[in-house]
Structures are given as structure tokens and as C-alpha cells.
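Worksheet for the structure shown next.
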Amino acid sequence: MASSNIAGTLRRSLLIKVISKPAPSREDVASVIELTASKVVEALQAQSMTFYLVEGNDIVFKQIYYSPTLWADAPAKEKQFHDTAAKLLTLKIPIGKGIVGKVVETGEPVFFRNTESQAPFMQSMAQTTGFEVRSMLTVPLKTTITLGAIQVLNKELSAGTDGEFTEKDLALLQEVAEYSSTMIHRMVDPKFVPSAEDTARFVSKLTDLPLISKVEEIEIDEKLIEVTGDAIIRREGIFPHKRSSPNSVCVLMTNPLDYAKRESFSQATEMSIDDVSVVSATFFDTLLKKFFKDTKAGAATSDDVDIGAVADVISNAYSADGPTAGVSAADLENEDSAPIVQLTNRIIEDAYVSGASDIHIEPMEKDLLIRYRIDGLCQEKLRLPKQVANSMVTRLKIMCNLDISERRLPQDGRIVFKKYTKKNIDIDLRVATGPMNHGEKVVMRILDKTKSTLPLPALGFSDENLARYRECIRQPYGMILHCGPTGSGKSMTLYSALGEVNTPDVNIQTAEDPIEYTLAGINQMQMSRAIGLTFERALRCYLRMDPDIILVGEIRDKETAQIACEAALTGHLLVSTLHTNDAPSTVSRMGEMGIEPFNISASLVCVCAQRLLRRVCKNCKVPYELSGREKSIMEKALQWSGQAFKANPQGCPTCSGTGYKGRVGIHELMTNSEALTEGINKEVEVAELKRIAMKNGMKTLHQDSMLKVKMGLTTMEEALSNVPPDLIL
């Protein structure tokens, strides 16, 4: 079963490689051969398979397969078969010579069985192959010309046919050869262009998905199509034709293995894909014309054009050949022009669909760079002409009500995006602008209001840390602090903690800037510096409103820190965040703000430092044994060494070829104790506080990152790039 799954994954990855290229090269022939060969072996249960291609006046061996059952009774023969295969791959057969030569010459298949008349030939074959031959099929690879042949010997005895193929097997092999020939011809001859229908048939057969060629063959739900919308269907190349349940749909695709598009479609529509059928590109276009008015890709005023099309129009406006689609350079330097408005919206929409957490608009010396931060890493998305920078930044300032005339000082704002889009995207963006050497840079943090918080066990807490943290958040009073850099998951952890203790008998009030997630049953207050509503003022207000638990978005100054400590010391549980590197240094940071050590030690319940590491893709991760420095680091951190995982450099469809998918948290949980209280009061060094906390059971960020490596959740490379080894271990 496992080998079958691996073979299936291999075929899928190869197929993506083939059909994703508009003009595959000669080097891709090997991919199609491997794809076809695996399909033949699996479908016919063949003991041996040989794939031949014509090169000039000769026929060459391209792929050879021998089943392990051939040496099951004599393992020593395995090397013999591998040596034979290696030798055959260097040989050539003249066209017309032997069985394969005649099949290629005539274009007709050959079917031999171990009958009385054919027994001498079978015995001769056995001497050549090194095993008994009971049945043989040889079929040509043929389009307008004969490209080669496929030959299979013996059916597996487990198939129950005494090792002999049947007429049904011959028909199946001919079918595989027929649809594979089209794709091979496409690659070896650039002038040969297969029809969209031939390509769809190839995809359908190799993916074992049904092929749809007529509207009458499917059930159409016109209301579903209307609700999904022209923009999403065109952008993702996915046509939903009926619902299979309230939250899932059946769809049509030209490339069903484009998992990135499938995930993007599901995120945009909030519907999962339940069933996929294959259609040709021409049939897909026919459906679009039937249900939607045709829109031109170059139209810069259409709401359905994707980000690439709009960017092309803008770039062409500054090209040497002059503007296209009626868009001039002057239009693009006006923040109210349709192309700028549309491009700004498309960038935000595309970033949201791509799963980005931040959008960076960065003016460079010669162009404008657009980058997304996805799973913690910045990725370049677009490069636009430099002349667009001022108009785009001004447009963003207008969207978040900032001063468009102020270009010398940083500004902060917020965009409520649903005011600017007709699509079902309910997000807010926290916007920060700042003057750089080549112009104003804008960074937008995406706050998805439709997302719910995750439960605490899903955040990456180890079992030990989770039990200790749950005990802390159930304390009646005291202060819980989370520390780490921006984007380390502090807010999500706090929201998850509040969600766990949120019951009707508990009054929870929050002061946030901004409110990232709306939580049912919790009183949330948005800070506004413009009117003097600060964390300090909100806290003083809350102390008069009978709270049980108070969340302060961030402790930034002495006043907020002082009143937070007072709240924690007067019967309230207060949770908040700071920006420090690790848990022990949070105590030092509070002291630098002017808080007395005895107030810190008396109010502190725990400090949780955290980071987010990229998860290694579970579908394509590669196991290996730790050795050298990596082994030494792991043994020092956890007193363990063994098998870990590394990212696959080629990746897979699930992780979009990156080797990583999603993120997991690592935590350093420092809980208060008598020894720690004494150390804080004596104002000992941070390193000494760390030693005391570790004796009290604290696992450092480095140790927790190594635990995630041991569990196969991330890689050693990712762990060490985010948290260096501890010096005091």
C-alpha cells in the first residue's frame, strides 16, 4: 500500500511538471516516460516492462522495469537484473529488426502467448531475459508517426491469470500508448501541437479522473456559478458546477493537480472541493462564454482581471513600444485612476488568497518592489515601474485616512478593506508608512476578521508546557506576559488562552491596538492615540469596571507597566505582551521601565517567550540520521540523537515546491517560584535568572525547537536559523 501511494505521488508530481509548461522541452520526455511506465506496470501488473523510442534509424531503450517477484526466490539475482537493465539502456535496435523493430516499422501491435506454436519463440526470449516468459505484449507509440513502442512480459502470478495477458490487457496497453504518444510527440517535435482535447484525455487517464466534454454530461447549478463569480473562476481556473454538500462542491479543471489553485479557490469561496472532473481548455472557455460575458484580459477597468494582467498593463505604459489598452503613463501617476485603484485592490486580494501575513510596498532605485510575507519569509511578487510608487502610496493613505501631504514622517493607519471590494473578503489591514532613501515604504499587516482563534493544543505547546500554561491562566490574579518579536504569534496565544477561560461567570476586558480577532462574550476596546485613548487610560477605566481578566495589547511605557502591576496585585489576572528576546530578559525590561523588583516578583505568574518556525511539509519531508555538529547540538539540548527530517529541495504540490507548509510555535515558559522571586528581588543578572528558571523546569526556546525537530515538525536548519544554541547548557 505504501509503495502504491509513493508511486501515485510520483506520477502526480511528474504530471504537474509536464502539463504546467506551455512548451515542454526535450528533457521532459523522461518525465512522461516514467509517468507512462508506472501507469503501465500498475494497470497491467506486469513482471517486466520496456519502453522504446525511435532516434534516427535506430530504436533505443529508454525505461526498463523488473518486478521484485522475479528474484523473490533467489535474492542474489537482483543485481543480475539491475546489471542487465543498465546494459540494455546502452543498446540500439535497427528499425525493422526483431519484434520491437517490426512493431515500430508496421505500426501494428504483437501479442504472444505460451502456446504450442509460439513455445520456441518464448524459450528463446527466456534465454535473453533470464526468466521464463509466459506472455508478451508489444504496442507502438503512434500519432501521425511512430515514435517508439512499449513491451510488457508476463502478468504477475498474483493476478490469477497464470502469468498470461488477455485481450483486455492488450486494449488497455494500446489506450495508454495512444494518449501518451501525443504528449511525447509534443515534446520531441516543437512543431507538433496536440489539441486541447488530446491533452485533457492524457490528464484524465493519468490521474484516473473522469473526462467531461459536453455540458449534458454534468449537472449545472447556475446559482452556485453566479455566487462564486466570474473573477474567482477565471483566476483559479476552477469551474464549480454543483454542490455535493452545503460547504463542498464538484468542480471542473484543466489541471486537477494544481493544488495551489484548489487551496486558493477554497479560501476565496469558503467551500471545499469534493469531486474533480477534467475538461479541455476549449471546453472550459465554452463554459465561461455560456455563463459569463467575455472580458478582455487587457482591460484595466474590469473588476475580474487578475493581478498579473493589471501589472502587465501598467508596465506596458512605460515600455519603449508605448502604452497599451488605452492606459497612459499620466494615468498611472494619479492615485484616483482606475489602473492604480484596481492594482492596489488586486495586491491586497492576491496577498490574502496567498496566505500572506504582511504586504511590503518598497520603492527601490529603479522600480517598485511588492513582497509578501508567507509562513514567516518574504517572497517577491511583483516589480513595477518606479513612477507608480507615489500614486500607489497615496492611494493607500487615502484608504486609511492618513495625511497624503506628509511624506517626511512615519504614519500609522488602518484599512477596512470590505469598503473597497465587492468580493467576499472581510479583512482589515494595519498600515505603517515611513520615508526611505528612494521614497515612502508601506507595510500592511493583514488582520483576517473571519478567522477564529486556534485551541491551545494546536499552537505547538509541548505536553509539559501546555499543562503548566493552563495552570497559569487559571490563576485568580497576577500577571502573565508573552514576549517575542513582531509576528511571533503572541496575540494568537493570548486570544487562545482567553478563549479557554471565557465562561459566562468571568468578566474579560481587553485594550488592543488593533483588535485583531473579535471574540464572542469578551469586551474589547480599540485604542486611539488621536483622541488620547491609550493603554494607560483604558487600564484605569477597566479597574473601575469590575473585571476578572484584563488583556493589554502591549506594555510600551512606564505608566502602562506600573498600572498593569497594580492591577495584577489587586485581585485581577492581567495578560499582556512585551518585545524581548527570551523569558528571563522580560524581568530586566520591566525593571528598565522603572518598575520596582519587589512589584515584579509579587505580581508575576509566568513569562512565555515564543517564536514561529516553518513546518516541514509532511508529504515530502526527507528522513536522515543526525551526524556531526547537528548530532552534538541535539545531544546537548535533549540528550537524544536519532532520525530527523529535512525539507525536500524540490518540494511537492502541497507545499508549492518550498518544502515547508505552515508554522509551529516554540515556547520558553518561565513560571514564578520562591527561588525566582528571590533572584528578581536581588536583581541578579539575566543569565542567573535563566539558570534558576531551568532548575525550576523551564525548557529554553532552543530546547523546545530541538524537541520540534525530534518530533519531525520542523528541520534542524529552520530551528537553528531562528534560535541559536544555549550557551549555558
Side-chain angles (χ1 to χ4, degrees), residues 468-484 490-517 519 521-529 531-580 583 585-609 669-673 676-677 680-681:
R468 296 173 70 198
Y469 186 70
R470 278 177 162 160
E471 185 179 339
C472 291
I473 62 176
R474 285 173 171 79
Q475 296 299 311
Y477 55 83
M479 184 162 56
I480 296 175
L481 300 175
H482 281 257
C483 61
K490 301 186 299 295
S491 296
M492 174 60 82
T493 307
L494 289 179
Y495 281 124
S496 298
L498 292 185
E500 188 154 309
V501 297
N502 182 20
T503 56
D505 59 330
V506 176
N507 178 25
I508 302 176
Q509 303 192 167
T510 75
E512 303 173 62
D513 186 18
I515 296 174
E516 297 190 27
Y517 301 95
L519 302 176
I522 292 179
N523 304 285
Q524 296 174 267
M525 183 186 293
Q526 170 71 51
M527 300 299 96
S528 177
R529 294 183 189 177
I531 60 173
L533 181 52
T534 61
F535 285 122
E536 179 196 0
R537 193 162 184 177
L539 263 175
R540 293 194 184 279
C541 167
Y542 279 171
L543 289 178
R544 297 189 294 270
M545 298 181 74
D546 187 32
D548 294 303
I549 301 175
I550 302 173
L551 180 147
V552 180
E554 184 181 351
I555 294 177
R556 298 173 178 168
D557 49 50
K558 178 181 178 180
E559 291 75 17
T560 306
Q562 188 68 54
I563 195 170
C565 280
E566 289 175 11
L569 290 169
T570 54
H572 308 95
L573 181 65
L574 184 133
V575 293
S576 188
T577 68
L578 284 92
H579 289 282
T580 57
S585 60
T586 302
V587 174
S588 174
R589 175 74 179 123
M590 292 286 285
E592 290 170 2
M593 287 184 178
I595 308 302
E596 294 294 338
F598 60 85
N599 279 335
I600 299 174
S601 62
S603 61
L604 194 65
V605 173
C606 76
V607 181
C608 181
L669 187 62
M670 183 179 79
T671 55
N672 207 347
S673 64
L676 193 66
T677 296
I680 294 173
N681 290 339

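Numbers here are sequence positions counted from 1.
Between G532 and R537 the shortest heavy-atom distance is O-CD, 3.4 Å. Counting all heavy atoms, side chain and backbone alike, G478 lies closest to V605 at CA-CG2, 3.6 Å. The shortest non-hydrogen separation linking G594 to K558 is O-CE, 4.1 Å. In terms of heavy-atom proximity, E554 sits nearest to F535 at O-CD1, 3.4 Å. Between L533 and Q526, the shortest heavy-atom contact is CD2-O, 3.3 Å. Considering all non-hydrogen atoms of both residues, I480 and C472 come closest at CD1-O, 3.6 Å.
L519 has its side chain within reach of Q524: a pair of non-hydrogen atoms, C-beta onward, lies under 4.5 Å apart. At a threshold of 4.5 Å between non-hydrogen side-chain atoms, the residues L578 and R556 do not count as touching.
Shown are V575, T580, T577, L604; of these, the side-chain contact (heavy atoms from CB on, under 4.5 Å) with L481 is made only by L604.
At distances below 3.5 Å, at least one donor-acceptor pair connects side-chain atoms of Q475 with backbone N or O atoms of E471. The closest donor-acceptor contact from the side chain of D513 to the backbone of G553 lies at 3.5 Å or more, if one exists at all. N681 places a side-chain N or O within 3.5 Å of a backbone atom of T677 that can act as its donor or acceptor partner. In this structure, H579 contributes its side chain and G484 its backbone to a donor-acceptor pair below 3.5 Å. Side-chain atoms of S585 do not come within 3.5 Å of backbone N or O of S588 as any donor-acceptor pair.
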Practice problem: Please test V607 against C483 for side chain to side chain contact (heavy atoms under 4.5 Å, CB included), starting from the C-alpha separation and ending with a verdict. | Solution: CA-CA 7 Å; V607 181; C483 61; 4.1 Å; yes
Quiz item: Where do C608 and T493 land on the side chain to side chain contact (heavy atoms under 4.5 Å, CB included) test, with the steps shown first?
Solution: CA-CA 10 Å; C608 181; T493 307; 5.5 Å; no
Practice problem: Walk me through it: do N523 and M525 pass the test side chain to side chain contact (heavy atoms under 4.5 Å, CB included)? | Solution: CA-CA 7 Å; N523 304 285; M525 183 186 293; over 6 Å; no
Exercise. Please assess M479 against S576 for the test side chain to side chain contact (heavy atoms under 4.5 Å, CB included), listing each intermediate value before the final yes or no.
Key: CA-CA 8 Å; M479 184 162 56; S576 188; over 6 Å; no
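Remark: N672 CG to S601 OG distance equals 7.0 Å, nearest 0.5 Å. Between H482 atom NE2 and L494 atom CG the span is 4.5 Å, to the nearest 0.5 Å. The CE atom of M593 sits 8.0 Å away from atom OG1 of T560, with the distance rounded to the nearest 0.5 Å. Atom CE of M527 sits about 12.0 Å away from atom CD of E536, to the nearest 0.5 Å. The CD1 atom of I595 sits 8.0 Å away from atom CD1 of I555, with the distance rounded to the nearest 0.5 Å.
Residues in residues 490-499 take part in no salt bridge (charged side-chain N to carboxylate O under 4.0 Å, His left out) pair, two or more places apart or across chains.
In terms of the side chain to side chain contact (heavy atoms under 4.5 Å, CB included) criterion, residue partners of E566 (sequence neighbours excluded) are, by chain and number, Q562, I563.
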Under 3.5 Å, side-chain donor or acceptor atoms of residues 539-552 against the rest of the protein: list the pairs with distances, not counting sequence neighbours.
| residue | atom | partner | partner atom | Å |
| --- | --- | --- | --- | --- |
| Y542 | OH | T510 | O | 2.5 |
| R544 | NH1 | R540 | O | 3.3 |
| D548 | OD2 | N507 | N | 2.8 |

